[in-house]
Amino acid sequence: MLAAVAALTACAGAPTSVANDVNQSDCADVRTLRAGQLYGTWELELTALNQRGQLTLRQHPEFSESLRGEFRYGDQRSIASGDVEAGEFNLDESLDGKSLHAFWSGKLTPSACGAEIRGTWQTLAQPGKPAQESPFVLRRGGH
């Protein structure tokens with residue numbers, strides 16, 4: 001028991017880069033993750049807009065290897081549809097389920113073992129309203 005406590009204490013004091021290297025080697029390669037491994041709730045942050053919210057992902061009803069879900073941020077409620085392939089994450093966002101509102105393009109963060117996605121959110125320009133863009137971060141709920 002004392003040996004286990006000593007080992008844990010030694011790990012706790014280890015430099016972050018060493019701890020990340022150990023954790024990363026225990027992770028599956030994020031390029032091999034499939035849609036089903038991203039199902040669940042993600043905390044979202046649109047950093048340039050200082051907005052936070054949630055994204056819930058599940059299996060797309062028509063395409064078993066694709067994603068479907070809902071965004072909730074600010075006063076926005078919208079529908080998400082997209083894919084993950086070779087570590088690349090792409091979602092389309094729609095306010096009404098018919099027309100495109102924004103694109104979410106990112107990459108799974110290797111050091112986070114599939115629990116974080118970073119990228120860019122970009123809206124489409126609308127009459128009288130220019131396109132918006134912001135970096136985003138998605139993190140698994142509870143991480």
Side-chain angles (χ1 to χ4, degrees), residues 3-5 7-143:
V5 170
L8 287 174
T9 304
C11 288
T16 304
S17 62
V18 171
N20 285 344
D21 289 345
V22 170
N23 291 338
Q24 198 169 348
S25 68
D26 293 340
C27 295
D29 184 344
V30 295
R31 295 171 298 181
T32 65
L33 295 180
R34 300 172 63 85
Q37 293 164 293
L38 301 183
Y39 297 167
T41 301
W42 295 77
E43 301 300 320
L44 79 82
E45 181 180 359
L46 291 167
T47 55
L49 303 177
N50 199 27
Q51 286 209 350
R52 296 180 181 273
Q54 286 188 328
L55 167 64
T56 303
L57 292 173
R58 62 183 174 281
Q59 182 177 339
H60 192 286
E62 297 170 27
F63 308 104
S64 63
E65 292 299 317
S66 294
L67 298 162
R68 174 63 61 89
E70 295 86 30
F71 284 106
R72 293 178 303 284
Y73 58 94
D75 59 358
Q76 192 90 329
R77 302 292 178 268
S78 53
I79 300 166
S81 294
D83 298 290
V84 63
E85 187 174 329
E88 300 284 331
F89 176 83
N90 294 290
L91 288 181
D92 295 340
E93 179 181 358
S94 174
L95 300 177
D96 61 8
K98 298 174 189 166
S99 58
L100 188 60
H101 169 69
F103 297 104
W104 296 71
S105 300
K107 294 182 182 213
L108 282 89
T109 307
S111 62
C113 300
E116 180 180 90
I117 303 168
R118 291 181 174 268
T120 303
W121 167 84
Q122 185 175 22
T123 64
L124 278 74
Q126 302 294 325
K129 188 175 181 184
Q132 289 184 290
E133 187 172 308
S134 173
F136 74 80
V137 180
L138 295 170
R139 290 185 184 91
R140 284 258 190 217
H143 283 256

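The aromatic rings of Phe63 and His60 are tilted relative to each other, their planes meeting at an angle between 30° and 60°.
In terms of heavy-atom proximity, Ser94 sits nearest to Gly97 at OG-N, 2.8 Å. In terms of heavy-atom proximity, Arg58 sits nearest to Tyr39 at C-CE2, 3.3 Å. Scanning all heavy atoms of the two residues, the minimum distance from Leu49 to Ser134 falls at N-OG, 3.9 Å.
Within 6.0 Å of atom CZ in Arg31, 12 or fewer heavy atoms from other residues, nucleotides or ligands are found, so the atom counts as exposed in its surroundings. Counting heavy atoms of neighbouring residues, nucleotides and ligands inside a 6.0 Å radius, atom CG of Asn50 does not exceed 12 of them.
We find the CZ-OG1 distance between Phe103 and Thr123 to be 10.0 Å, quoted to the nearest 0.5 Å. The CG atom of Asp92 sits 12.0 Å away from atom NE2 of His101, with the distance rounded to the nearest 0.5 Å. Distance OG/Ser81 to CG/Leu100: 10.0 Å, rounded to 0.5 Å.
Residue pairs meeting the salt bridge (charged side-chain N to carboxylate O under 4.0 Å, His left out) criterion with at least one member in residues 77-90, sequence neighbours excluded, are Glu88-Lys107.
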For residues 114-121, dump all side-chain donor-acceptor pairs below 3.5 Å to protein atoms at least two apart in sequence or in another chain.
{"from": "Glu116", "atom 1": "OE1", "to": "Thr109", "atom 2": "OG1", "distance (Å)": "3.1"}
{"from": "Glu116", "atom 1": "OE1", "to": "Arg118", "atom 2": "NE", "distance (Å)": "3.0"}
{"from": "Glu116", "atom 1": "OE2", "to": "Arg139", "atom 2": "NE", "distance (Å)": "3.1"}
{"from": "Trp121", "atom 1": "NE1", "to": "Glu93", "atom 2": "OE1", "distance (Å)": "3.1"}

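Leu55 pairs with exactly one of Phe71, Phe136, Tyr73, Trp104 by the side-chain contact (heavy atoms from CB on, under 4.5 Å) rule, that one being Phe71.
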Report task. Decide yes or no on side-chain contact (heavy atoms from CB on, under 4.5 Å) for Gln51 and Glu45, but give the supporting numbers first. Result -> CA-CA 6 Å; Gln51 286 209 350; Glu45 181 180 359; over 6 Å; no

Requested in this report: Check step by step if side-chain contact (heavy atoms from CB on, under 4.5 Å) holds for Ile79 and Arg68.
Outcome: CA-CA 7 Å; Ile79 300 166; Arg68 174 63 61 89; 3.8 Å; yes

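Using a cut-off of 4.0 Å between Lys/Arg side-chain N and Asp/Glu carboxylate O, Arg34 and Glu65 are scored as salt-bridged.
When only modelled atom types and interatomic distance are considered, Asp29 and Thr32 share no side-chain donor-acceptor pair under 3.5 Å.
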